[in-house]
Amino acid sequence: MDEATLDGIARRTSDRRTVLKSLGAGAAALALGRPALAQSSEPLRIGMIVTYSGPYADYGRQMDNGMALWLKQNGGKVAGREVAIIKRDTAGPAPDLATRFARELITRDKVDAIMGLDFSPNAIAIGPVLSQAKIPCIVLNASASVIPSKSPYFARISFTVGQVSAPMGTWAGRQGTKTAMTLVSDYGPGADAEKAFGQSFAAAGGKVVGALRAPLSNPDFSAFVQRIRDEKPEAAFFFFPSGDLPNNFLKAARERGLAEAGIRLLATGEAMDDSYMQAAGDAGLGLITTHHYSTAHPSDLNRRFVAGYRAEHGDYAPNYMAMTAYDGLAALDAALAKSGGKGGDALMTALRGLAFESPRGPIEIGPETRDIVQTVYVRRTERIDGRLVCTEFDKFDRVTDPLA
Amino acid sequence: MTTLGPRRVHPAEILPWLALAALPWIAPDHVLLGSQIAILALFALSLDLLVGHAGLVSLGHAAFFGLGAYAAALLALHGWSEPLTGLAAGGLVAGLAAALVAPLVVRVHGLAQLMVTLGLGLMLHEAASRARVLTGGDDGLSGFDLSPVLGLFPFDLYGFTAYGYALAVLAAGFLFYTRLAASPFGYALRGLKQNPARMAALGTDGRRRLIQGFVVAAVLAGIAGALLAQTTQSVALESLSFHRSAEVLIVLCLGGTGGRYGGLVGALVYMAARDWLSALSPHYWTGWLGAAMMLTVLVVPGGLGGVARRLHGRLPRLHRATGTRVAAGGES
């Protein structure tokens, strides 16, 4: 994949003359006139704006692997064209860098579409650039509800925190759970999870008896767990960003015997991210989570995806980001076929309402919202062949973002 | 005594600025990078007023950068889209905030000062993250448009206007910095860095001068932040982060403190290296950048700007040849 990057660098020199020429022509006209892509034998140019270095480097790695796998399984071409992927590393949330990368990818590297966007501030920041240049962007992770409304050129195929939290409230209510407490990390997505769960749980007849928020960095969970134990709700719903936090919480909950006290633990799939879940050990067993993707999803496409990924990367398991990036190319391929190879507005029209089979199950890009519509599964963490697995046992079809 | 000499602007110094001004014609596809370099350079200049002149250290300088950025963004979001007044507002807000906290910062020295500035920066970051109504929290602020600069130059997708605008503001900041460094106030700051007791004996109100210096530096940082918000048309919590405070300190170490070109050279080298390395190797560029920086610090301990200064030291010969006499020889 690095050849793609090098290719991008080599091209800059030749692009320079073009840009110089067009300088006189006036800025507005330049970026826009890029009609029929299909006829050209030029490679399809995709700009990736994502995190490749620092504490979140795993995001970029998973996405790269997912895209490489799709290409490998589909003849190395998207809509019949070779693909050049130009990668730009924001090293975490850095909206100023993301904006510059978006502009450079469009004006200098002449990309046909932008993909990636792992952090919400980065995605929000590039909205005006996309609108100005009329370049479509497929969001592969950033989860803030507002993103699709920030530019008509955004299409999101990942998920939102509210989307996977709300079904948990409904499910718990249906199980006859009357009281619950929530515990979330104190930041934007945490607030979304708390709100979405609270609304749907109340709608299903439950009552949230306490809403706790823990600091995002280095929280000590023992005090929070004790408060939950003292309050004795029937269930405790928690949300932390995927990583070490969910495991730390699960261990604290086990040490203080929440399960023995009759308090059922509920969470979103972040708590059982495939990259980290094995470290939870026995503390994770029996946890109920709602999420849009489990590597154990029983479908042929998913088995093909997981087997293909494992064949390339061994024990380094795919997670939902690799799966979403895999879908990203599938979406681009299908949309370009629909638009007759045309980019810009035609590609956006083709992306609206696009429905296809993903490793997670059937998905659709909402025709009006340009946001993902998908099945959210209720899963139980079990141990199968010595490994923790999220087994899906219930589902909610066609879930949209409840907070949009 | 190079640190005390009021190094005046040499006519030959126009050359690098001309080169910078010609960038849109030389390398039009690098103007976006160019404007971010200009903004970082201005931010580094402002920190240099503290570190290189007043002898204050700060790990929270991004607080003022971020305040300026949010002030300019909020102004534009609420309908006031004229860019220059936006810049002024950014500087003003940052300056006012600095005036509030400066007495606290100049009370302490060394490590304690690092802690105080670090703490203030983190507190502001946390406060901004809580104040979702005002700052947009994690989502930040975006979706504001700016009117054309001076009513003539609209902001374009390619970033030509943004570059010209950022470069002009940087040049103005640079001239201001040069004048300030050569003024009695600049002398007083450097004197306080070298020997506070002696400055007190000379009758200088050290505390007051340092507070003034701190506020002036914050105003410059606020302007740099406002410039970033305006040219990228967005602002997020990251502009207030510890990461940004640390980055500008790295830039200054790289370029060298106390000289006019330290911040400029540091920003140029840091951003260009970052851009080049991260495009070449998206996964491992931080390692290469770290190695390059260690090498720089080992080979040229005074920073890359020191090299520029040494070149400058050779320039008087050229003056005499052209007949323009510059006072540099006398003082140094």
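Proteins come first, then strands; the chains are lettered A, B, ... in the order of their sequence lines, and each starts at number 1.
Options A/Pro95, A/Ser120, A/Ala144 differ in how many heavy-atom pairs under 4.5 Å they form with chain B, and the most are formed by A/Pro95. Considering only heavy-atom pairs separated by less than 4.5 Å from chain A, the leading option among B/Gln233, B/Arg132, B/Glu238 is B/Glu238. Counting heavy-atom pairs under 4.5 Å between each of A/Asp89, A/Ile124, A/Asp96, A/Thr51 and chain B puts A/Asp96 at the top.
Residue B/Phe144 does not touch chain A at all, counting heavy-atom pairs closer than 4.5 Å. Interface residue A/Pro93: only backbone heavy atoms are found under 4.5 Å from chain B. With a 4.5 Å cut-off on non-hydrogen atoms, A/Val146 touches chain B through its side chain but not through its backbone. Looking at B/Thr286, the atoms closer than 4.5 Å to chain A (heavy atoms on both sides) all sit in the side chain, from C-beta outward. Both the backbone and the side chain of A/Ala125 come within less than 4.5 Å of a heavy atom in chain B. For chain A, the nearby parts of B/Leu33 are the backbone and the side chain; heavy atoms of each come within less than 4.5 Å. For B/Thr231, the part sitting under 4.5 Å from any heavy atom of chain A is the backbone (N, CA, C, O) and nothing else. When heavy atoms are compared at a cutoff of 4.5 Å, B/Ser234 approaches chain A solely by way of its side chain, counted from C-beta outward. Using a 4.5 Å cut-off between heavy atoms, A/Asp186 touches chain B through its side chain atoms alone. At a 4.5 Å heavy-atom cutoff, the contact between A/Ala91 and chain B is made by side-chain atoms alone. For a residue to count as touching a neighbouring chain, one of its non-hydrogen atoms must lie under 4.5 Å from one of that chain's; by this rule A/Leu97 touches chain B with backbone and side chain alike. Looking at B/Leu228, the atoms closer than 4.5 Å to chain A (heavy atoms on both sides) all sit in the side chain, from C-beta outward.
In this structure, a donor-acceptor pair under 3.5 Å is absent between the side chains of A/Ser143 and A/Thr160. Side-chain contact, B/His61 with B/Ser46: a donor N or O sits under 3.5 Å from an acceptor N or O. Looking only at atom types and distance, the side chain of A/Tyr153 has a donor-acceptor partner in the side chain of A/Asp345 under 3.5 Å away. Using a 3.5 Å distance cut-off with no hydrogens or angles, the side chains of A/Gln62 and A/Tyr309 do pair a donor with an acceptor. No hydrogens or angles considered: a donor-acceptor pair under 3.5 Å links the side chains of A/Tyr52 and A/Asp64.
Taking the six-membered ring wherever Trp is involved, the centroid distance between the rings of B/Phe160 and B/Tyr163 does not fall below 6.0 Å.
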(request) Let me see the working for A/Asp58 and A/Tyr316 under side-chain hydrogen bond (donor to acceptor under 3.5 Å, both in side chains), right down to the final yes or no. (result) CA-CA 11 Å; A/Asp58 193 51; A/Tyr316 181 61; 2.3 Å; yes

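The OG1 atom of A/Thr268 sits 7.5 Å away from atom CZ of A/Phe159, with the distance rounded to the nearest 0.5 Å.
Both the sub-6.0 Å distance and the 45° axial angle are not jointly satisfied by A/Arg108 relative to the ring of B/Tyr158.
The two residues B/Ser147 and B/Phe155 make their nearest non-hydrogen contact at O-CE1, 3.8 Å.
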